Amino acid sequence: MKSRLGRWQAILEQRCPRCLNGKVFTGLLDMHEYCPSCGLKLEREQGYFLGAMYISYALALILIVAFALVLMVLLPDVRYEYVVFLAFVPYLLCVPAVFRYSRLIFMHFDRSTNSSTFDEHYRPVPPEPKP
Ligand SMILES: [Zn+2]
């Protein structure tokens, strides 16, 4: 059962912070407005994901430093400034993942620290139609 997933596994699988079951994203960068499983409004208010920017900065820094270190080992004769510049090339391929995971980490952090106000933004999921 998906709802028994741990929070970290739910983040990795890009699931809802409330039920840990519903998929958050519909496309590469598009999100559901409400969780398809529990009805939670994912963008609680306008500007809600501003906090995810800080997580995005941290993830970007970690990735760029990691890519720069790998490139410094692979290209020992290239100047440091160029290696850092080259590190942005593989990072650009990671931008959609950084976007998604920064929002997911922020939503799960918000859920775990503000769970009492989190459930106010909720739309009941209609029951499945009977055949
Ligand atoms: Zn949900």
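Note that the coordinates shown come from a computational prediction; the quantities given were computed from them, not determined experimentally.
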Restricting to non-hydrogen atoms, name the atom on His108 and the atom on Cys16 that form the minimum distance, rounded to 0.1 Å. CE1-O, 3.7 Å
Holding to side-chain contact (heavy atoms from CB on, under 4.5 Å), I want the full list of residues that pass it with Ser56, two or more places apart in sequence or in another chain. Val98, Ser102
Same apolar cluster (I L V M F W Y, side chains within < 4.5 Å links), Leu59/Phe25: yes
Please check if Ile62 and Phe109 belong to a single hydrophobic cluster, counting links between Ile, Leu, Val, Met, Phe, Trp and Tyr side chain heavy atoms closer than 4.5 Å. no
Residue pair Phe49, Met31: steps toward the side chain to side chain contact (heavy atoms under 4.5 Å, CB included) verdict: CA-CA 12 Å; Phe49 290 115; Met31 292 179 64; 3.7 Å; yes
Indicate the atoms forming the closest heavy-atom contact of Met72 with Val83, along with that distance. CG-CG1, 3.4 Å
To the nearest 0.5 Å, what is the distance between SG on Cys35 and CZ on Arg18? 8.5 Å
Ring pair (Phe, Tyr, Trp, His ring centres under 6.0 Å) pairs, two or more places apart, involving residues 54-104: none
Tell me whether Val73 shares a hydrophobic cluster with Val84, the cluster being built from Ile, Leu, Val, Met, Phe, Trp, Tyr side chains joined at under 4.5 Å. no
Do Ile11 and Leu28 sit in one hydrophobic cluster, given that two such residues count as connected whenever their side-chain heavy atoms are within less than 4.5 Å of each other, even indirectly? yes
Show, in sequence, the C-alpha distance, side-chain angles and deciding distance for Leu71 and Val78, and conclude whether the side chain to side chain contact (heavy atoms under 4.5 Å, CB included) test is met. CA-CA 9 Å; Leu71 287 171; Val78 177; over 6 Å; no
Side chain to side chain donor-acceptor pair (under 3.5 Å) partners of Glu33, counting only residues at least two apart: none
Point-to-point distance, once rounded to the nearest 0.5 Å, from CD of Glu43 to CE of Met107: 10.0 Å
Approximate separation, where rounding is to 0.5 Å, of Leu63 CG and Leu92 CG: 11.5 Å
Keeping to residues at least two apart or across chains, list the salt bridge (charged side-chain N to carboxylate O under 4.0 Å, His left out) pairs with something in residues 80-108. Arg79-Glu81
If a pair satisfies salt bridge (charged side-chain N to carboxylate O under 4.0 Å, His left out) and one of its residues is in residues 47-67, list it, with sequence neighbours excluded. none
Closest non-hydrogen atom pair between Ala10 and Leu20, with its separation: CB-CD2, 3.7 Å
So if you build clusters from Ile, Leu, Val, Met, Phe, Trp, Tyr with side-chain heavy-atom gaps below 4.5 Å, do Ile105 and Leu61 land together? yes
Minimum heavy-atom separation for Glu13 to Lys23, with atom names? O-NZ, 4.3 Å
Which atom pair, heavy atoms only, marks the closest approach of Leu42 to Pro17? CD2-CD, 4.2 Å
Mind jotting down which residue pairs meet the salt bridge (charged side-chain N to carboxylate O under 4.0 Å, His left out) criterion with at least one end in residues 53-75? Sequence neighbours excluded, please. none
Test side chain to side chain contact (heavy atoms under 4.5 Å, CB included) on Asp110 and Arg44 and set out the steps. CA-CA 11 Å; Asp110 190 33; Arg44 291 174 60 179; 2.7 Å; yes
Please walk me through it: do Phe106 and Met53 pass side chain to side chain contact (heavy atoms under 4.5 Å, CB included)? CA-CA 9 Å; Phe106 179 72; Met53 274 183 12; over 6 Å; no
